[in-house]
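Here's the structure we're looking at; comments come further down.
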Amino acid sequence: MALPVAEWQGRTARLWAALEPALRERLEAASLQDAVRLGCDLLRSKEEEEAALVQLCHRAPTDKRPEAASWYREQGNREFKRGRYQAALRLYSKAASHELPGSPEVSVCFANRSAALLHLGYFEVCLEDIARAESHGYPDRLLPKVLLRKAECLLCLGRLQDAQDILRVLESKIALDGVMTPHLTRLKRLSQLKVKLGEKERCPEPAGEAHGGTQGEPEIWEENNRISGASSSLSLSFDAERGRHLVASQDIVPGQRLVKEEAFVSVLCPGESLPLQEGDTAWDTRATNADLYCHRCLRQLLASVPCQGCSYAKYCSQDCAARAWQQYHRTECSLGALLLTLGVFCHVALRTVLLAGFAEVSRLVAGSHCGDKNLQSPEASCKPLSEAAGAGAGSRGVPGCDSSGRYQSSYQALFHLLPHTEQHSPEHKFLCTLSVVALCKQLQAAGLEAAVLSQESPQQWSKPKTCEKTSAELSPELKTVAEAMLRHVLQLQCNAQAITVMQELGPGDGAVVDKKPVRLATAFFPVLSLLNHSCCPNTSVSFSGTAATVRAAQPISSGQEVLHCYGPHWCRMRVAERQQLLSQYFFECHCPACLQELESGVKSVVSIRNSFCCPKCQAPMQGEEDTLCCSNEACATSASRDHLSGRLQDLQQQIKKALDLLRVRKADQAIKMLLKCQMDAGTFLSPEHLLMGEMEDHLAQVYATLGKWEKAARHLKKSIEIVEMHHGPSSVETGQELFKLAQILFNGFAVSEALSTIQRAEGILSVHFGPQSAQIQELQEMKACLSELPRNILQRT
Ligand SMILES: [Zn+2]
Ligand SMILES: [Zn+2]
Ligand SMILES: [Zn+2]
Ligand SMILES: [Zn+2]
């Protein structure tokens with residue numbers, strides 16, 4: 001997903017293998033500038049490669065297809081009739097994204113979607129969709145239906161006068177058109193609404209209470225005057241071993257906010273379910289990230305605003321759509337399929353140069369050529385900061401800082417993140433070079449060069465020509481752009497930051513919400529990039545939209561380095577797996593967890609807890625080889641690792657099936673199946689195996705959907721024990737489980753236990769996400785609600 005599709009990777013690998021050795025050597029040693037030049041020459045003589053790329057793009061179409069639109073709309077109507085409004089909503093959105101803007105068909109999509117929104121109780125959004133339908137030329141003969149919906153919405157919102165006005169318009173319209181049968185039912189509905197309106201007027205409901213009372217105090221936050229977005233309790237340091245890094249300049253307490261940074265650039269990841277199979281007769285009804293989150297700000301989508309030009313980009317609002325268009329999407333829109341084919345890293349690289357603007361890009365690229373070899377590896381020449389620090393020179397001399405020594409979340413800082421040009425494998429560099437050059441050639445062929453070079457003068461929307469001959473030589477300006485993009489693609493391998501969110505799973509209508517973290521976008525955060533990695537970090541990162549927040553996860557004393565985990569956490573992976581993953585960052589981790597596991601041969605927590613047990617006597621199985629032996633000498637049973645791994649896979653399949661049953665609301669069957677899985681697992685997995693906990697968690701989920709709160713709580717507590725063992729009692733994972741338990745106890749009126757669980761969950765989650773996070777607010781609301789319960793209920797528990 002980050003890299004180009006496998007077929008394109010394969011083609012460039014074959015091309016690389018077939019190159020003359022002399023050319024291969026030149027490419028291996030080439031600077032970024034030379035790599036782009038050589039890449040251009042090479043692609044010009046290999047038209048079949050570009051033709052193959054165009055062919056691959058057909059598998060990820062992003063253009064509008066009215067025939068897909070009508071299919072999605074029909075599917076939406078079908079779901080709507082079944083009362084599955086959430087599904088209908090998504091399908092109508094997909095339909096709208098394929099209709100041509102301003103067509104009567106697109107207005108019908110919006111009108112249909114407004115009906116689903118009304119049923120789901122999103123009245124404000126429903127009104128927006130009705131307005132959208134009206135502005136896109138909704139057919140006049142269908143208008144009464146929509147006006148009636150509008151009146152109903154206004155009524156629900158308590159806007160009585162507005163509702164009355166609409167009803168009056170509607171009456172006169174129906175009178176004018178003459179009474180036709182379809183209108184008769186509407187007239188009936190109209191009179192019902194009028195009765196309702198009369199009732200409401202007689203006894204007006206109290207105005208909605210302002211949401212409040214639980215707002216925590218604003219956090220204390222003093223910004224560092226040398227590093228934008230960082231706390232004043234940090235300082236920027238530099239040494240040969242660690243490069244640039246952040247150090248606590250005073251004692252820091254858990255939960256304290258250390259960095260808050262808006263991404264310089266971020267690109268939504270398409271997600272896994274993007275259809276990439278040959279032929280597209282069957283449209284995909286599954287929701288991808290592009291259907292669920294705003295293309296620009298990553299906010300969750302309810303009623304998306306489709307892009308005018310493509311079916312891929314969808315926005316939370318007209319405003320986001322307009323801004324994205326102005327900033328980058330007018331260049332990206334017609335290249336959607338190519339960007340999906342070349343992967344997210346290429347996309348981020350393109351968007352980065354578009355956001356930076358050509359002037360800044362060419363200034364920094366030129367600077368990197370200007371005899372200043374240091375820019376290729378800027379830190380090599382940099383004087384250790386400690387020399388200067390005493391003299392108050394601060395961070396002047398640290399690469400990426402501006403002339404006043406301030407490090408800002410800017411393109412300049414981003415440009416100076418290490419590209420590790422010499423350390424990437426030559427094949428990888430070759431793949432990146434050809435991809436970037438192909439993308440720039442396509443920009444030129446599509447007539448988008450002007451848009452890339454002068455972002456400040458937006459042209460009229462005109463559909464750029466596609467698939468023109470791309471044999472022309474790249475202009476010098478585009479070569480500069482390509483060089484910057486190549487740099488960014490290489491930087492991303494070490495500096496890409498995944499933006500993750502907790503996505504809701506399952507049917508989504510249960511009282512207990514199950515969530516799992518998903519990768520939403522890939523981004524550059526120049527300040528966050530200053531943090532070095534540790535497998536046992538002292539911070540925790542969370543995201544809200546495109547902003548990242550780093551908090552201390554434990555006390556950090558003055559002088560200690562502030563560290564963050566790039567992914568391989570010691571609780572989730574063994575040291576060998578971690579070091580393997582970390583090799584992409586071109587360093588060896590020497591964190592305490594790695595040193596301990598490597599040097600003293602201490603077995604990682606992961607392997608101890610995720611081990612197999614003897615199928616005969618349940619004692620732990622031992623051995624590093626292909627054959628495992630029972631640790632109980634008297635038993636002496638042995639089993640092959642492959643066999644046990646096979647059983648584990650089967651078990652996971654079964655669990656998946658049970659969850660599918662839950663999804664289609666066959667809770668009883670799901671329980672049966674999960675209990676059977678548990679029995680089976682007990683015969684070969686250690687009791688502390690993570691999967692044992694997961695099964696308990698799933699059981700809790702099923703019982704919760706049935707309203708069996710006590711049973712649900714019992715299973716969840718077992719899951720919490722295992723999660724605590726694996727991730728630690730103050731980990732995010734434990735916090736999330738406690739949050740679920742609090743919801744279950746709350747629903748089951750187990751008041752005193754609920755209160756103590758809420759308190760524990762609050763304590764943990766506020767360290768990781770801060771006192772203002774949605775989950776903390778929810779916990780506080782639960783607490784307030786419980787404390788308002790009448791005394792007699794409280795005493796019963
Ligand atoms: Zn948005
Ligand atoms: Zn578009
Ligand atoms: Zn480590
Ligand atoms: Zn045994």
Side-chain angles (χ1 to χ4, degrees), residues 93 125 128 242 262-263 266-268 289-307 312-329 499 501 520-521 531-539 543-547 561 563-600 602 604-606 611-623 627-639 644 682-687:
S93 294
V125 191
E128 282 171 26
R242 287 177 290 186
E262 191 62 41
S266 63
V267 170
L268 187 70
N289 278 346
D291 299 309
L292 299 174
Y293 300 93
C294 177
H295 189 73
R296 177 177 169 272
C297 72
L298 306 180
R299 208 169 291 162
Q300 203 158 1
L301 292 174
L302 189 57
S304 55
V305 177
C307 171
Y312 182 72
K314 300 174 191 77
Y315 299 95
C316 67
S317 63
Q318 194 53 51
D319 181 52
C320 252
R323 284 207 226 179
W325 186 258
Q326 164 64 26
Q327 290 175 325
Y328 48 79
H329 193 66
I499 295 182
V501 286
L520 199 57
L531 295 180
N532 280 330
H533 164 84
S534 165
C535 305
C536 43
N538 50 16
T539 61
F543 298 93
S544 163
T546 54
E561 185 176 358
L563 297 157
H564 132 77
C565 178
Y566 292 178
H569 196 280
W570 74 293
C571 290
R572 287 187 284 268
M573 281 173 217
R574 291 159 221 241
V575 65
E577 291 171 75
R578 297 204 302 268
Q579 299 273 350
Q580 161 69 30
L581 261 178
L582 288 169
S583 65
Q584 67 162 308
Y585 301 104
F586 309 117
F587 73 88
E588 245 174 72
C589 185
H590 299 297
C591 76
C594 283
L595 289 182
Q596 215 187 7
E597 281 176 57
L598 282 173
E599 285 172 11
S600 52
V602 174
S604 87
V605 278
V606 183
S611 56
F612 295 113
C613 74
C614 172
K616 264 201 194 127
C617 74
Q618 271 81 60
M621 294 295 275
Q622 286 177 329
T627 308
L628 299 177
C629 293
C630 178
S631 58
N632 172 9
E633 279 177 30
C635 170
T637 300
S638 68
L644 291 174
T683 63
F684 74 107
L685 293 184
S686 79

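Start at 1 and go down the list; that is how both ligands and their atoms are numbered. Since we're looking at a predicted model, the values are computed, not measured.
Between the Zn ion (ligand 3) and H533 there is no N/O/S contact shorter than 2.8 Å. At least one N, O or S atom of C535 sits under 2.8 Å from the Zn ion (ligand 3).
Take the Zn ion (ligand 4) as the corner point: the lines to SG of C617 and to SG of C614 open at 110°, to the nearest 10 degrees. The Zn ion (ligand 4) is the vertex of the angle joining SG of C635 and SG of C630, which measures 110° to the nearest 10°. Considering the Zn ion (ligand 1) as centre, the angle to SG of C297 and to SG of C316 is 110° (10° rounding). Rounded to 10°, the angle formed at the Zn ion (ligand 1) by SG of C294 and SG of C320 is 110°. Rounding to 10 degrees, one finds that the Zn ion (ligand 3) sits at the corner of an angle of 120° between C589 SG and C594 SG.
Residues satisfying the salt bridge (charged side-chain N to carboxylate O under 4.0 Å, His left out) criterion with E561, sequence neighbours excluded, are R242.
Atom CD of Q580 sits in a sparse spot, with 12 or fewer heavy atoms from other residues, nucleotides or ligands closer than 6.0 Å.
Side-chain contact check for F684 versus M621: every heavy-atom pair is 4.5 Å or farther apart. Contact annotation: the side chain of L520 never approaches that of F543 to less than 4.5 Å [non-hydrogen atoms, C-beta and beyond].
Partner of C316 under the side-chain contact (heavy atoms from CB on, under 4.5 Å) criterion, chosen from V305, L301, L302: L301.
The aromatic rings of Y315 and H329 lie perpendicular to each other, with more than 60° between the two planes, well past the 30° mark.
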